[in-house]
There are 2 protein chains.
Amino acid sequence: MKKTVRSEIDGIPERLRSFGVRPLTHRVDVYRYLIEQNNHPTADMIHNDLVKILPSLSKTTVYNVLNHLCEKGAVHRVNVEQHEARYDAMIHDHVHFKCRLCGKVYDLDEIPFPTIDPPTDYSIEIVQVIIGGICPDCQTG
Amino acid sequence: MKKTVRSEIDGIPERLRSFGVRPLTHRVDVYRYLIEQNNHPTADMIHNDLVKILPSLSKTTVYNVLNHLCEKGAVHRVNVEQHEARYDAMIHDHVHFKCRLCGKVYDLDEIPFPTIDPPTDYSIEIVQVIIGGICPDCQTG
DNA sequence: AATTAACTTTGAAATCACTACAAAAAAAAG
DNA sequence: CTTTTTTTTGTAGTGATTTCAAAGTTAATT
Ligand SMILES: [Mn+2]
Ligand SMILES: [Mn+2]
Ligand SMILES: [Zn+2]
Ligand SMILES: [Zn+2]
C-alpha cells in the first residue's frame, strides 16, 4: 500500500495551480493553514503556528509566500487594523466583523454583501466592508 | 477695533468641545487642517504641512492629538492600506475610494452608504466601506 | 498672586511589522 | 549530470507608531 501524503488528498496543490501559483511546499503549508484555520491571521500568527511543525520555516518566507499568494489572487489581504495585515483564503465577497474586545475577525457569511455602484468614471477592483463592534462572545448580559 | 484670531471666527474650538475635547492650540490646528484639506492625510503629511507654520510642532504631538481626537470620536481613522493610517474629520457615513495608481483617497459622497444588518447578537459601532480601483484622473483612454 | 496639581508637549530611544539583500538551497531545464 | 532559474533563509535596514521622562502649560486651590 502506497504511502499517501496530505497534499495528495486535500487538493491544495491543484487549487494553487488554478491561481497560477506553483505549489511549493511552504506555499502549500501556508495556504492550507489559511483554509483550515479560517482565522484571518497575521503573518506573525501564521509563522508562530507553522514553525512548531516546520522548525526551519523563516518569517521572511511567510511574508514572501503571502505576498505571492496575494499577487496571484489566491489570498486576500484584509486591512482591518492599522499596522497589522490579516490574510484570508476565502476570496468570495463577504462582510468582515472585528471585535473591539477580543480582537477576533469574523466572516459574516450569513448577511448579503452590499452592492456598491460608484460613479462610472471610477473603476472598481475590490470592495472591502468591515464592521467594528462587539462580538456575541464578548457581550455582557 | 479688537483683533480677531482665527479660532474665534471658524468655530473649531466649539466643535471640539462638543466632542468632549479641550480645544488646546495644537488640537485646534490639527482638527482645522483635517477639515480644511479634507484630504485623508497620514500623520506624516499633517506634520509636514503644519510644521511649516508651527516650526516647534513635534511629530509625537501630531500622533498624540490624532489619537485623542479618534478616542473622542471627533475624527475617524481610515485603514485604507497597511502601515499607513489616514485620518478623516468627516465623520458621517460615506464610502471611500482609494486609487491604486495615484494613491488618493476620495469620498464618494454621491453614492448611498449601504445598509448592513449583522446578526442581532453582534453590536455594530462602525462600518467602513473601502473601494480599491482606479480613479477618474488615472484612467487611460 | 503664589502654590500646587493635572495635563500637554517634546525629542530621543524603543518597538514592531515589514522589506531588501545576498548567500545557500532547491527545483527546473537542458 | 550540469547549468539556469527560483526559492529559502538570516541579517540588517526601513518607516510608522509608541514609550518614556523631562520640560512646559493650563487649571484649580490657597
Ligand atoms: Mn474572511
Ligand atoms: Mn472621507
Ligand atoms: Zn469578541
Ligand atoms: Zn488616481
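The sequence lines fix the lettering, A, B, ..., with proteins before strands; numbering per chain opens at 1.
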* Identify, with sequence neighbours excluded, every residue that meets side chain to side chain donor-acceptor pair (under 3.5 Å) alongside Glu110(B). => none
* **Short side-chain donor-acceptor distance under 3.5 Å, Asp109(B) and His94(B)** => no
* In whole angstrom, what separates His47(B)'s NE2 from dT9(C)'s P? -> 13 Å
* Asked: What pair of heavy atoms forms the shortest contact from Ile12(B) to Tyr31(B), and how long is it?
  -> CG2-CD2, 3.6 Å
* To do: For Ile46(A) and dC18(C), give me the distance from atom CD1 to atom C1', rounded to whole Å.
  => 14 Å
* Rounded to the nearest Å, what distance is computed from the CZ atom of residue Arg77(A) to the P atom of nucleotide dA17(C)? -> 15 Å
* Protein proximity profile, nucleotides 20-30 of chain C - base contact B, sugar-phosphate-only contact S, no contact -, cut-off 4.0 Å on heavy atoms -> B------SS--
* Asked: Are Ile131(B) and Ile130(A) co-members of a hydrophobic cluster defined by side-chain heavy atoms under 4.5 Å apart?
  -> no
* Atom CD of Glu84(A) and atom C1' of dT15(C): how far apart are they, to the nearest Å? -> 14 Å
* ILVMFWY network linking Leu69(A) to Leu50(A), side-chain heavy atoms under 4.5 angstrom -> yes
* To do: Mind running salt bridge (charged side-chain N to carboxylate O under 4.0 Å, His left out) on Glu84(A) and Arg77(A) for me, showing each step along the way?
  => CA-CA 10 Å; Glu84(A) 59 173 23; Arg77(A) 186 178 278 117; over 6 Å; no
* To do: For Val65(B) and for His83(B), locate the closest nucleotide of DNA chain C by heavy-atom distance; then report the residue assigned to the nucleotide nearer the 5' terminus.
  => Val65(B)
* To do: Give one of base, sugar-phosphate or nothing for Ser56(A), where a contact means two heavy atoms less than 4.0 Å apart.
  => sugar-phosphate
* Asked: Which is the 5'-most and which the 3'-most nucleotide of DNA chain D that has an atom under 4.0 Å from a heavy atom of chain A?
  -> dT6(D) to dT17(D)
* Could you tell me which non-hydrogen atom of Val62(B) sits nearest to which non-hydrogen atom of Ala43(B), and how far apart they are? => CG1-O, 3.7 Å
* To do: Using whole Å, report how far CE of Met45(A) lies from P of dA17(C).
  => 12 Å
* Give a yes/no on whether any side-chain N or O of Thr61(B) is located under 4.0 angstrom from OP1 or OP2 of dT10(C). => yes
* For His68(B) and dT10(C), what is the distance between atoms NE2 and P respectively, to the nearest whole Å? -> 16 Å
* To do: Please determine if Lys104(A) and Asp137(A) form a salt bridge, counting it only when a charged side-chain N lies under 4.0 Å from a carboxylate O.
  => yes
* Between dT8(C) atom P and Leu57(B) atom CG, what is the distance in whole Å? -> 15 Å
* Structure fact -> In whole angstroms, the gap separating P of dT8(C) from NE2 of His26(B) amounts to 12 Å
* To do: Could you tell me which non-hydrogen atom of Ile91(A) sits nearest to which non-hydrogen atom of His76(A), and how far apart they are?
  => O-CE1, 3.6 Å
* Asked: Closer than 4.0 Å, any side-chain N/O of Gln82(B) to the OP1 or OP2 of dC18(C)?
  -> yes
